[in-house]
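Values reported hereafter were calculated over all heavy atoms of this structure, with side chains retained and with hydrogens, waters and symmetry mates removed.
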Amino acid sequence: TTLHKAFAGGHVTLAGSNSPASLASRPIRIVLADEIDRYPHSAGTEGDPVSLARKRSSTFFNRKLVLTSTPTVKGASRIEAAFEGSDKRYFQVPCMDCEEFQVLRWANVQWPEDRPDQAVYVCEHCGSAWDDTMRLRAIRRGRWEATETFSGVAGFFINGLYSPWTPLSEAAREFRAARKLPEQLRVFVNTFLGETWEDVGEQVDSLGLYDRREDYEGSIPSGVVVITAGVDVQDDRLEMEIVGWGRDEESWGIEYHRLEGDPTSPQVWSDLDSILKTTFQHPNGVELSIRAVAIDSGHHTQSVYNFVKPREGRRVMAIKGVGGEGKHGSITQAKPLTYI
């Protein structure tokens, strides 16, 4: 009874995000998933814990899924991705002087040099300075406002500036102490500001990258000397990319194909074989064929082997990646696997 409490009209069940058995044990109408950014990538070997928990409510017409979390790393945060798919509601508060509504942001917190105890919040519209009393009075008059069209998912964002338990002076002192060390600053950004953390490093110049683009639609670049293909096998499709290779391992994406169909049926493999027989006209007039093909054998392994075996002479190979530092992948042109 530690993890399951029954009462009149319902029950409460506690489940661990790393336990597939507890996530799949019974149907649940209301799923509350807390701190989802701290969940492991997979519950055992059965996949994403949030998706497993969501499946428990699929039999209820009035189901509800609530995801809450302090965010972590930008681009790898579950709660960030969930919020981006919502109507993005922010808590707007009015200024006591100009009555204009605004979202409380850390950039508007100011204090004299070396005097964080005198920190105030500055209205972004009229510039009036709020002390903690004015800030809390504004919060009491606040309201939630969506910034995107509602499509079935409501998302709410709020940060520590709305907390009645954290004075501005305390937040300012915490920020001053944390800003010198990236790891401490990350904690402040995640836990107090409620924002994802992005490491500062060398950035790609988007304009410079755009200026380096090459237009080779309808042909292949003149630098291509060899063409290969890679095929990823999914449960309901094959996805493949044809790549041209030049000197010093320079490469160009030539074509991308998504072949819908059950990989256990022959039709999708017949479609793949037709594409692999395609030839490409080089600017010098020579026709280039696909010289080697690597097919992922992690899914539908036997179907991949059945396709690869009679095509060994065309350098069609089954491959399987091996995770971990210092590991090498494996390639097979028939069973058993030959490690290289």
Side-chain angles (χ1 to χ4, degrees), residues 18 20 23-24 39-52 54-55 73 75-78 81 216 220-221 223-280 288-340:
N18 60 346
L23 291 172
Y39 287 7
H41 293 295
S42 178
T45 59
E46 298 193 18
D48 178 46
V50 175
S51 298
L52 290 174
R54 188 195 305 267
K55 290 292 185 182
V73 180
S77 169
R78 282 190 177 97
Y216 51 90
I220 61 175
V224 173
V225 294
V226 174
I227 296 177
T228 65
V231 183
D232 184 40
V233 180
Q234 297 294 324
D235 289 333
D236 59 352
R237 67 191 186 279
L238 304 180
E239 304 223 11
M240 68 171 299
E241 184 180 16
I242 300 174
V243 179
W245 298 89
R247 296 185 60 181
D248 300 321
E249 297 187 8
E250 185 175 7
S251 65
W252 296 264
I254 305 300
E255 288 183 359
Y256 193 89
H257 296 273
R258 181 187 176 101
L259 306 177
E260 301 284 354
D262 183 358
T264 62
S265 67
Q267 184 58 50
V268 69
W269 295 103
S270 176
D271 295 341
L272 174 64
D273 197 39
S274 298
I275 295 174
L276 295 180
K277 294 177 180 178
T278 304
T279 59
F280 300 85
L288 298 180
S289 60
I290 297 174
R291 297 299 302 275
V293 184
I295 304 177
D296 167 39
S297 62
H299 288 297
H300 300 286
T301 304
Q302 191 57 52
S303 296
V304 174
Y305 287 159
N306 293 341
F307 180 81
V308 165
K309 179 61 178 177
R311 295 168 178 81
E312 293 178 350
R314 290 162 50 190
R315 297 187 181 89
V316 178
M317 298 166 283
I319 66 169
K320 183 173 178 58
V322 179
E325 186 176 354
K327 299 289 184 67
H328 298 281
S330 58
I331 295 178
T332 178
Q333 292 174 290
K335 294 182 289 185
L337 294 177
T338 302
Y339 289 88
I340 63 171

Which distance, rounded to the nearest 0.5 Å, do you find between the [atom1] of [X] and the [atom2] of [Y]?
X      : Y      : atom1 : atom2 : value
Asp236 : His299 : CG    : NE2   : 10.5 Å
Ile242 : Ile290 : CD1   : CD1   : 4.0 Å
Glu239 : His257 : CD    : NE2   : 12.0 Å
Leu272 : Phe307 : CG    : CZ    : 4.0 Å
Arg258 : Asp232 : CZ    : CG    : 10.5 Å

Query raised in the report: Is it true that a side-chain atom of Ser297 and a backbone atom of Ala318 form a donor plus acceptor pair closer than 3.5 Å?
Result: no

Requested in this report: For Arg311 and Asp273, indicate whether the former's side chain and the latter's backbone hold a donor-acceptor pair under 3.5 Å.
Outcome: no

Minimum heavy-atom separation for [X] to [Y], with atom names?
X      : Y      : answer
Ala43  : Leu52  : CB-CD1, 3.8 Å
Pro263 : Val268 : CA-CG1, 3.8 Å
Ser289 : Thr279 : CB-CG2, 4.2 Å
Pro49  : His41  : CD-O, 3.9 Å

**Report entry** For Arg291, all residues meeting salt bridge (charged side-chain N to carboxylate O under 4.0 Å, His left out), sequence neighbours excluded
**Finding:** none

Taking the side chain as every heavy atom from C-beta outward, state whether [X] and [Y] have any atom pair closer than 4.5 Å.
X      : Y      : answer
Val224 : Trp252 : yes
Ile275 : Leu259 : yes
Pro221 : Ile254 : yes

Query raised in the report: Would you say the side-chain atoms of Ser51 and Asp48 include a donor-acceptor pair closer than 3.5 Å?
Result: yes

Requested in this report: Answer yes if the side chains of Trp245 and Thr228 hold a donor-acceptor pair under 3.5 Å, and no otherwise.
Outcome: yes

Query - side-chain contact (heavy atoms from CB on, under 4.5 Å) between Met240 and Ile295, intermediate numbers included - result: CA-CA 9 Å; Met240 68 171 299; Ile295 304 177; over 6 Å; no

Requested in this report: Would you check, one step at a time, whether the test side-chain contact (heavy atoms from CB on, under 4.5 Å) holds for Asp235 with His300?
Outcome: CA-CA 8 Å; Asp235 289 333; His300 300 286; 3.8 Å; yes

Query - Derivation of the side-chain contact (heavy atoms from CB on, under 4.5 Å) call for Val304 and Asp296 - result: CA-CA 8 Å; Val304 174; Asp296 167 39; over 6 Å; no

Query raised in the report: Stepwise, does the side-chain contact (heavy atoms from CB on, under 4.5 Å) test hold for Trp269 with Asn306?
Result: CA-CA 10 Å; Trp269 295 103; Asn306 293 341; over 6 Å; no

Query - Carboxylate-amine/guanidinium proximity below 4.0 Å for Arg237 and Glu260 - result: no

